[in-house]
Asks: 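Pasting a structure below so you can have a look.
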Amino acid sequence: MDFKVVEAKWQKFWEEHPELYWADDNIVKKKKYILVEFPYPSGSGLHVGHAFSFTGSDVYARFKRMQGYNVLFPMGWDAFGLPTENYAIKTKRKPQEVTKENTDMFRGQMKRLAYSFDWGREINTTDPNYYRWTQWIFIQLFNKGLAYKKEMPINWCPSCKIGLANEEVVDGKCERCGSEVERRTISQWVVKITEYADKLLSGLQKTDFIDKVRQAQINWIGKTSGVTIDYPIVDSNKTISCYSTRPDTNFGATFVVIAPEHERVMELTTEENKTTVEDYIKKSRKKSDMERTELQKEKTGVFTGSYCVNRLTGKKMPIWVSDFVVLTAGTGVVVGVPAHDQRDYDFAKKHNIEIIPVIVPKDGSNWDFGKGPYLNIDDALVTNSTFLNGMTAVKAKEKIINYLEEKKWGERSSNYHLRDWIFSRQHYWGEPIPMIYCKKDGWQPVLEKDLPIVLPEVEAYEPSEDGKSPLSKIESFLKCKCPICGGDAQRETDTMPNWAGSDWYYMAYCLVKKLKTNIEANDTFTDIFSDSQKELKKWCPVDVYVGGDEHNTLHLLYSRFIYLFLYDLGVLPKEIPEPYYTRISHGVILGSDNQRMSKSKGNVIVPETVADKFGVDVLRLYLMFMGPFEGTMAWNENTLMGVKRFLDRFYLYIDNQYNLNTDSSISSKVIISKTILGVSRDMESFGYNTAVAKLMEAINTMDKLGRSDLMILIKLMAPMAPYMAEELWEKIGGDGSVHQSEWPVAELKYLREDEVTLPVAVNGKVRGEIKIKNDMIQKIDEVIAMAKSLEKIKEWIDGKTIIREIYVSGKMVNLVVKE
RNA sequence: GCCGCUGUGGUGAAAUUGGUAUACACGCCAGACUUAAAAUCUUGUGGUAGCAAUACCGUGUGGGUUCGAUUCCCGCCAGCGGCACCA
């Protein structure tokens, strides 16, 4: 088979028949929404990771279509982002143009690799018709009080010249470029995702994510529960609040520590400590997050001069400042119980603070507090704590929280690892945040009729040292009128983070036809949403969401949040509380040296090159055969050659007999039925490696087949090798496109074998086998008698006593003997 | 430290979820075709012993449950991924 000729032929055919892969909004048929993460269209084209996940998803989509589902399998472009902006700056071109080129390239490559996307639903996050919706969503967040402007210390990447979300900082370095991140204080838009922490947590129960993903989400949200305790400040009528998950140890509290960035630090600092505290704050501000965590053994800190009172014991506790306390965790102030917390212990030791044990081992043994804190919770009893004495730590925690609440000294509360979401980016190539600042009216959202706020075409997009967005230098963009008073006002010049466009793209695919609807005077976006209930109800939730592990926390959480928010807003169908039903995480392909592919290592495999050399079908089949879909596996040219051999053999096998007038032999019929069953089951669970193995086995063991069974084989092959299947389907005279043919169903009569081979074991070790007719399966005594009469078995049981005879119906016989 | 995952031939990996361990593929050995090579095809291929039938051992490791464990339970070892001074 000359794959180049065949590919060209069918590519043309598919191009002329896009309806093959259209999802139908109107037809009454069971639906399947199969979503694969849309790519960032970089200048280097589709890489092998894309090819892998797209092929896996495509095989599933084709399989489901053939099974009679109305399949929605869309594709689009997550096209805002720094690489394009940087590239545009370097080449002095417009990001819009560069994006257009890149998406054209990606689309072409995808079509060549035969992905059966519904191209009628293509979306692009940089299309103003798309991002006006992204902007509209932001306005809804603002209107509900979930988006607010705040002076915030941010993670600043000096190389990208951009503020980064906490999530984008890895090991104190910029996730993209690897430069050391600095701290800067900038006024930023922040989205209160924390308000949805509990809903994001409980909503997980309505999904069927794989455990790994579910756990990742739970850990990321990181809910703990405890109590916020107010400690009165000495010589003041104020209090200071600390969050604690271990109030059961609170009788042992001896000091309080406040984070250096905390707004109340100076208020607590007495005159004589002012200079030392100020010095300390300055020093710790200079430290990057990296340094702060690197130096974790050394618990530095200074005394503020103030004290507060532990009302449980009446003890005066000194208030210290230390950068081991994280401002954004809890209240940013920590109560120190050195006897039962490693960090508190280290701090107390260093600064000579009293250590009071209040938890002891249950078994009465002595703990040497000179060596370290006692951290055990399970086998511990409370002591030295008046009314808590003798209780287990768990019981004491409940009791003390109730007590503190009664006394109004504290309040039961929860804390989350999840942080509010910094939404501002000081860059050009992103969605403009649709807000206006008026001196008189403050921050106001852009009126719906004025959406989208389109990115102006600019000459220079370089980010600047002052950290301001390039848009701030464009007068015509900056200046505007206040939507309330009509007076002079200024536009927000920050743009949105990359996540914004991908937060709701799976919904956009459903209502793609309405995305461009004109907003008339009386129309609103909400109206269009309401008008789209039919489409949303039709397709959502996403049945299978295929993506990479790297998006299991952030993207998945952000987009779930946006969905839950819009759901509460009432614009989404009531019966669909979560956007994604299942999540499949695809594996990673390493270079042939078992290392991550990278240009510097020279181990990059380009899918197009492989397709040029061996054909698309070989590439696709090989990707599916490499190993389990979720696994990490290395590229191996030898295995690829094996797959090529198989495809050649498969083609010849059909080509040699499709016009012979033979009938299938019974044994071949049996193999065909088993293969149908096995391949279908494997495809259902993304077990493509074993699906291919079963097809290989079939070809290896089968003799001549009749026409209808050859057609079945072609169909089974169609999702993975779409070109060859289409070619063979035409040869054999099948109707239309093989991809619209019906998925075969195994014939039960061939699956029912009339003879079963049973292994016979003695003491669990297989020593022989018997063949029994089907109607014998239930006859226990006869089967066991047969087993015992086997010559080979006799050798093992003669002269011994059979103490047990086990017959697992239709499975095996086991005889337990004793000397 | 916390959470999650993985460990099976020379290699990538299977095993219908407790019932013949190593399917399928690569690699390797031998053979056929060829002047030769490549390609293709055929046979063999977990280890040890044996000419052989066969026997014993064998799924990281040590225990346990069971007639029977790659599969379930407990401990350990190694590796991978994520989070981490979160109070």
Side-chain angles (χ1 to χ4, degrees), chain A residues 170-171 210-216 218-220 222-224 226 242-247 249 257 259 289 292-299 322-337 340-344 346-347 375 415-419 549-550 552-553 588 622 625-628 630-643 645-646 648-649 652 674 677-678 681-682 687 689-700 757-769 792 795 802-808 810-817:
Chain A
V170 176
D171 280 340
I210 49 173
D211 202 47
K212 176 180 165 182
V213 178
R214 185 191 308 274
Q215 271 309 324
I218 292 172
N219 288 346
W220 195 267
K223 180 173 181 170
T224 57
C242 299
Y243 174 73
S244 169
T245 56
R246 294 291 309 278
T249 64
V257 195
D289 275 357
R292 269 169 79 158
T293 46
E294 247 175 20
L295 299 170
Q296 60 181 272
K297 307 119 226 160
E298 185 81 359
K299 296 266 180 298
S322 173
D323 61 10
F324 87 84
V325 176
V326 180
L327 175 70
T328 44
T331 59
V333 189
V334 167
V335 56
V337 183
H340 307 292
D341 181 282
Q342 188 66 53
R343 296 150 303 181
D344 297 351
D346 295 344
F347 192 80
L375 303 170
N415 194 41
Y416 301 89
H417 175 237
L418 186 70
R419 294 290 135 76
D549 280 343
E550 69 276 21
N552 283 346
T553 42
V588 177
Y622 168 63
F625 185 61
M626 285 179 88
E630 314 82 46
T632 301
M633 52 243 137
W635 190 264
N636 183 329
E637 192 106 340
N638 283 327
T639 307
L640 181 92
M641 290 310 296
V643 169
R645 267 200 286 279
F646 164 63
D648 289 345
R649 224 166 345 129
L652 285 176
K674 278 188 178 164
L677 201 70
R681 199 171 45 209
D682 287 345
N689 53 337
T690 49
V692 177
K694 275 164 193 144
L695 285 163
M696 287 173 165
E697 203 175 353
I699 293 293
N700 288 346
T757 306
L758 291 182
V760 180
V762 178
N763 285 346
K765 288 214 158 120
V766 176
R767 300 298 181 186
E769 55 182 42
K792 283 181 193 165
E795 287 172 27
I802 297 179
I803 51 173
R804 215 170 144 182
E805 293 163 344
I806 295 151
Y807 170 50
V808 185
K811 284 275 168 69
M812 75 169 324
V813 177
N814 189 17
L815 304 170
V816 185
V817 301

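Scope of the values below: all heavy atoms of this structure, side chains included, with no hydrogens, waters or symmetry mates. Naming convention: chains lettered A, B, ... in sequence-line order (proteins, then strands); numbering from 1 in each chain.
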Asks: For the side chain of Asn415(A), starting at C-beta, report the closest nucleotide among C26(B), A87(B), C3(B).
Replies: A87(B)

Asks: If you compare every side-chain N and O of Asn636(A) against the phosphate oxygens of G27(B) (OP1, OP2), does one of them come in below 4.0 Å?
Replies: no

Asks: Would you mind pulling out the nucleotide paired to C51(B), Watson-Crick or G-U wobble, both distances under 3.5 Å?
Replies: none

Asks: Taking any heavy-atom pair under 4.0 Å as a contact, classify Asp549(A): base, sugar-phosphate, or nothing.
Replies: nothing

Asks: Heavy atoms under 4.0 Å, any strand shown: does Arg214(A) hit a base, just sugar-phosphate, or nothing?
Replies: nothing

Asks: Give the nucleotide from the list G27(B), C24(B), G19(B) with an atom nearest to the side chain of Arg645(A).
Replies: G27(B)

Asks: Does any N or O in the side chain of Asp341(A) come within less than 3.5 Å of the main-chain N or O of Asp344(A), such that one atom is a donor and the other an acceptor?
Replies: yes

Asks: What's the gap between U66(B) and G9(B) when it is taken at their P atoms, as a whole Å value?
Replies: 29 Å

Asks: Which of these nucleotides, G4(B), A14(B), G19(B), is closest to any side-chain atom of Gln215(A)?
Replies: G4(B)

Asks: For a quick check under 3.5 Å, do Arg649(A) and Asn700(A) share a side-chain donor-acceptor pair by atom type?
Replies: yes

Asks: Which one, C67(B), U20(B), C3(B), comes nearest to the side chain of Thr757(A)?
Replies: U20(B)

Asks: Which listed nucleotide (C67(B), C83(B), A13(B)) is nearest to the side chain of His417(A)?
Replies: C83(B)

Asks: Classify the ring geometry of Trp220(A) against His417(A): parallel below 30°, tilted from 30° to 60°, perpendicular beyond 60°.
Replies: perpendicular

Asks: Can you tell me which nucleotide in A87(B), A23(B), G4(B) comes closest to the side chain of Asp211(A)?
Replies: G4(B)

Asks: Which value, in whole Å, describes the distance between the C1' atoms of nucleotides A69(B) and C85(B)?
Replies: 44 Å

Asks: Determine: side-chain N/O of Asn689(A) to OP1/OP2 of A14(B), distance under 4.0 Å, yes or no.
Replies: yes

Asks: RNA chain B: Thr639(A) or Thr632(A), which has the more 5' nearest nucleotide?
Replies: Thr632(A)

Asks: Determine the minimum heavy-atom distance between Val813(A) and Tyr807(A), stating which atoms define it.
Replies: CG2-CD1, 3.7 Å

Asks: Give Asp344(A) one of three labels, base, sugar-phosphate or nothing, depending on what nucleic acid heavy atoms sit under 4.0 Å from its own.
Replies: nothing

Asks: Using a heavy-atom cut-off of under 4.0 Å over every strand shown, decide if Thr553(A) touches base, sugar-phosphate, or nothing.
Replies: nothing

Asks: Sticking with atom P, work out how far G12(B) lies from C83(B), rounded to a whole angstrom.
Replies: 27 Å

Asks: Taking only the P atom of each, what is the distance from G27(B) to U17(B) in whole angstrom?
Replies: 33 Å

Asks: Taking the side chain of Phe625(A) as heavy atoms from C-beta outward, which of A25(B), A87(B), A13(B) is closest to it?
Replies: A25(B)

Asks: Which base, if any, makes a Watson-Crick or G-U wobble pair with U65(B), both distances under 3.5 Å?
Replies: none

Asks: How would you label the contact of Gly642(A) with the nucleic acid (heavy atoms, under 4.0 Å): base, sugar-phosphate, or nothing?
Replies: sugar-phosphate

Asks: Just by distance, with hydrogens left out, do Thr224(A) and Asn415(A) show a side-chain donor and acceptor under 3.5 Å apart?
Replies: no

Asks: Suppose you measure atom P in U59(B) against the same atom in U70(B); what distance do you get, rounded to whole Å?
Replies: 7 Å

Asks: Would one find a side-chain N or O of Arg767(A) under 4.0 angstrom from OP1 or OP2 of U20(B)?
Replies: no

Asks: Output the single nucleotide from G4(B), C24(B), U20(B) whose closest atom is nearest the side chain of Glu769(A).
Replies: U20(B)

Asks: Considering only the C1' atoms, how many Å lie between G7(B) and G58(B), rounded to the nearest integer?
Replies: 16 Å

Asks: State the syn/anti category of U17(B) according to its glycosidic angle, syn meaning within 90° of 0.
Replies: syn

Asks: Is it the case that the side chain of Asn814(A) and the backbone of Gly764(A) share a donor-acceptor pair, with hydrogens and angles ignored and the cut-off at 3.5 Å?
Replies: yes

Asks: Using a 90° cut-off around 0 for syn, call G9(B) syn or anti.
Replies: syn

Asks: Base, sugar-phosphate, or nothing: which does Met696(A) touch, judged by heavy atoms less than 4.0 Å apart?
Replies: sugar-phosphate

Asks: Between C67(B), A25(B), U54(B), which one does the side chain of Asn814(A) approach most closely?
Replies: C67(B)

Asks: Going by modelled atom types, is there a donor-acceptor pair between the base of C85(B) and the side chain of Lys299(A) at under 3.5 Å?
Replies: yes

Asks: Does the structure show a Watson-Crick or G-U wobble partner for A23(B), both distances under 3.5 Å? Name it, or say none.
Replies: none

Asks: For the P atoms, the ones on C2(B) and on G60(B), what distance do you get once it is rounded to whole angstrom?
Replies: 25 Å

Asks: Using Watson-Crick or G-U wobble geometry with both distances below 3.5 Å, tell me the partner of A32(B), or none.
Replies: U40(B)

Asks: Under 4.0 Å, heavy atoms only, any strand: does Lys765(A) hit a base, just the sugar-phosphate, or nothing?
Replies: sugar-phosphate

Asks: Measure from the side-chain heavy atoms of Pro628(A) and tell me the nearest of C83(B), A13(B), G27(B).
Replies: A13(B)

Asks: Measure from the side-chain N and O atoms of Tyr243(A) to the backbone N and O of Val335(A), and report whether any donor-acceptor pair falls under 3.5 Å.
Replies: no

